[in-house]
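Everything on this sheet refers to the single structure shown next.
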Amino acid sequence: MKFEVVRPSENDSPLLYSLAEFREVILSALEIVGASAIVEIGAEEGLFDRQLLGWVRQRGGRLTSIDPAPSDAVRAMADADDAMALLVTTSIEALADLPAADAYLIDGDHNFHTVSNELALIAAALEAAGRPGLVVAQDCSWPAGRRDQYYAPDSIPADAAQPWSYGGVTPWDAGVVGGGFRGGGAFAFARSEGGAANGVATAIEGFLDANPGWRCRWLPCIFGLAFIYPADAPWAGPLDAALAPFDDHPLLRRLEANRLLLYLRLIDAQDRLAEERRTHADEVTRLRAVVEDQRSTIEALEAVAGVSWDLSAVDRSPRGAAR
């Protein structure tokens, strides 16, 4: 055995979030399933799409990507490759008309209403086709596991949406806070964590209760990844064996808890630094006003006394005023 030391690059992002981080596990699962027709919900910046495209192209298959607001990179990728179809619409609208696929990757709007409907539509398509399929769903752990997250909260039916806020969330507070993990206006969270019809994990549990012939295995890291599939699928046994070493593993739980804690501390440090900068900027503005006021006073005294002082040495810059 040769140990390869694990080390980060100085340019690495402090936050892992993409399905691409699970690529080895997901691609192994797709191999076991024999997937060639894949539906992806939520393309983001296309970080995982290139690998998925290579996968389906080698197998003569097709990648269908669903995203109501795809990035320019994803649009360009779909335009350049016949093996990829891009549907610029919501997942619920698209899945209602799509034929059954071998595998589905769910990484779109992380809330109970959306995920519940996605799972129901996928199961209905597979049942109508008389075939099994694999569903891989991200964000089933904190923060969206038990708390709805909305990219477009106004698009959720009023009777299906939790009261929401663009405020931040932390694992130790069931409400929303001034700081914490947040989207800066890009997405909102339910104001309260837990309860019925709230969160991705709750949606998955509801689907499993309604479909006892399906099972779920999940990796409790990088916001949580669930593998959901019929227990009687011909490939269910091998897939179980492949996922068993990761399924709800205590080590992954601890690593994820530590990762989230460190990231939340980073956010807190960034928030404090931003507040200090605002405070310093306000102080600079105040001191500049004081300097200008004193300058006006001196000029008035000059006019009265008929004398002149050399003020050329007075630093008018913000840096000088703050000294």
Side-chain angles (χ1 to χ4, degrees), residues 18-23 25-71 73-111 113-140 151 200 203-204 207 211 214 216-218 225-230 233 235-236 239:
S18 172
L19 277 175
E21 305 301 341
F22 296 99
R23 53 192 173 274
V25 181
I26 292 176
L27 293 178
S28 293
L30 295 179
E31 181 70 43
I32 292 169
V33 171
S36 60
I38 300 174
V39 173
E40 173 196 40
I41 299 171
E44 295 183 333
E45 295 300 319
L47 295 178
F48 196 31
D49 289 68
R50 295 193 185 281
Q51 294 183 61
L52 291 174
L53 264 174
W55 177 274
V56 298
R57 197 184 303 111
Q58 290 175 6
R59 291 157 178 79
R62 191 170 180 80
L63 171 65
T64 301
S65 183
I66 304 169
D67 199 313
S71 67
V74 171
R75 288 180 183 272
M77 202 180 306
D79 289 340
D81 201 315
D82 292 338
M84 179 177 178
L86 175 61
L87 303 182
V88 184
T89 183
T90 66
S91 58
I92 295 175
E93 291 173 343
L95 289 171
D97 298 322
L98 279 179
D102 301 315
Y104 298 81
L105 307 180
I106 298 179
D107 189 20
D109 210 11
H110 312 304
N111 56 73
H113 169 76
T114 302
V115 176
S116 292
N117 279 280
E118 289 169 344
L119 292 172
L121 289 167
I122 290 169
L126 292 171
E127 183 177 2
R131 56 183 292 190
L134 169 66
V135 180
V136 183
Q138 198 179 16
D139 286 79
C140 54
Y151 281 104
V200 174
I204 294 173
F207 174 80
N211 298 271
W214 288 62
C216 178
R217 300 290 180 261
W218 73 297
L225 188 71
F227 291 79
I228 311 161
Y229 48 96
W235 36 257
L239 185 58

Check: Phe207 main-chain N/O paired with Asn211 side-chain donor or acceptor under 3.5 Å: yes
Heavy atoms of other groups near Arg50 CZ, more than 12 under 6.0 Å: no
Donor-acceptor pair, side chain of Asp107 and main chain of Gly42, under 3.5 angstrom: no
Test item: Ile26 and Gln51 side chains (from C-beta on) under 4.5 Å apart, heavy atoms: no
Donor-acceptor under 3.5 Å (Arg131 side chain, Ala125 main chain): no
Glu127, CD: over 12 other non-hydrogen atoms inside 6.0 angstrom: no
Leu86 and Met77, any side-chain heavy atoms less than 4.5 Å apart: no
Passing candidate, side chain to side chain contact (heavy atoms under 4.5 Å, CB included) with Met84, options Leu53, Asp79, Ile38, Leu52: Leu53
Least distance between heavy atoms, Ala83 atom then Gly61 atom: CB-O, 4.3 Å
Validation row: Gln138, Phe22 side chains within 4.5 angstrom (heavy atoms): yes
Close side-chain approach of Leu225 and Glu21, heavy atoms under 4.5 Å: no
Contact check, side chains of Ile106 and Leu119, non-hydrogen atoms, under 4.5 Å: yes
Check: His110 main-chain N/O paired with Asp139 side-chain donor or acceptor under 3.5 Å: no
Smallest separation among heavy atoms of Tyr151 and Asp109, with atom names: N-OD1, 2.9 Å
Heavy-atom closest pair, residues Ser116 and Ala203: OG-CB, 3.4 Å
Any Ile122 side-chain heavy atom under 4.5 Å of Val39 side chain: no
Test side chain to side chain contact (heavy atoms under 4.5 Å, CB included) applied to Leu87 and Glu93, step by step: CA-CA 10 Å; Leu87 303 182; Glu93 291 173 343; over 6 Å; no
Pairwise side-chain contact, Phe48 with Leu105, heavy-atom cut-off 4.5 Å (strictly under): yes
Atom of Phe227, atom of Ala29 and distance for their closest heavy-atom approach: CE2-CB, 3.8 Å
Heavy-atom pair of closest approach, residues Glu44 and Val74: O-CG2, 3.6 Å
Donor-acceptor pair, side chain of Trp55 and main chain of Ala35, under 3.5 angstrom: yes
Student check: side-chain heavy atoms of Val33 and Tyr229 closer than 4.5 Å: no
Heavy-atom pair of closest approach, residues Asp49 and Glu40: OD2-OE1, 2.7 Å
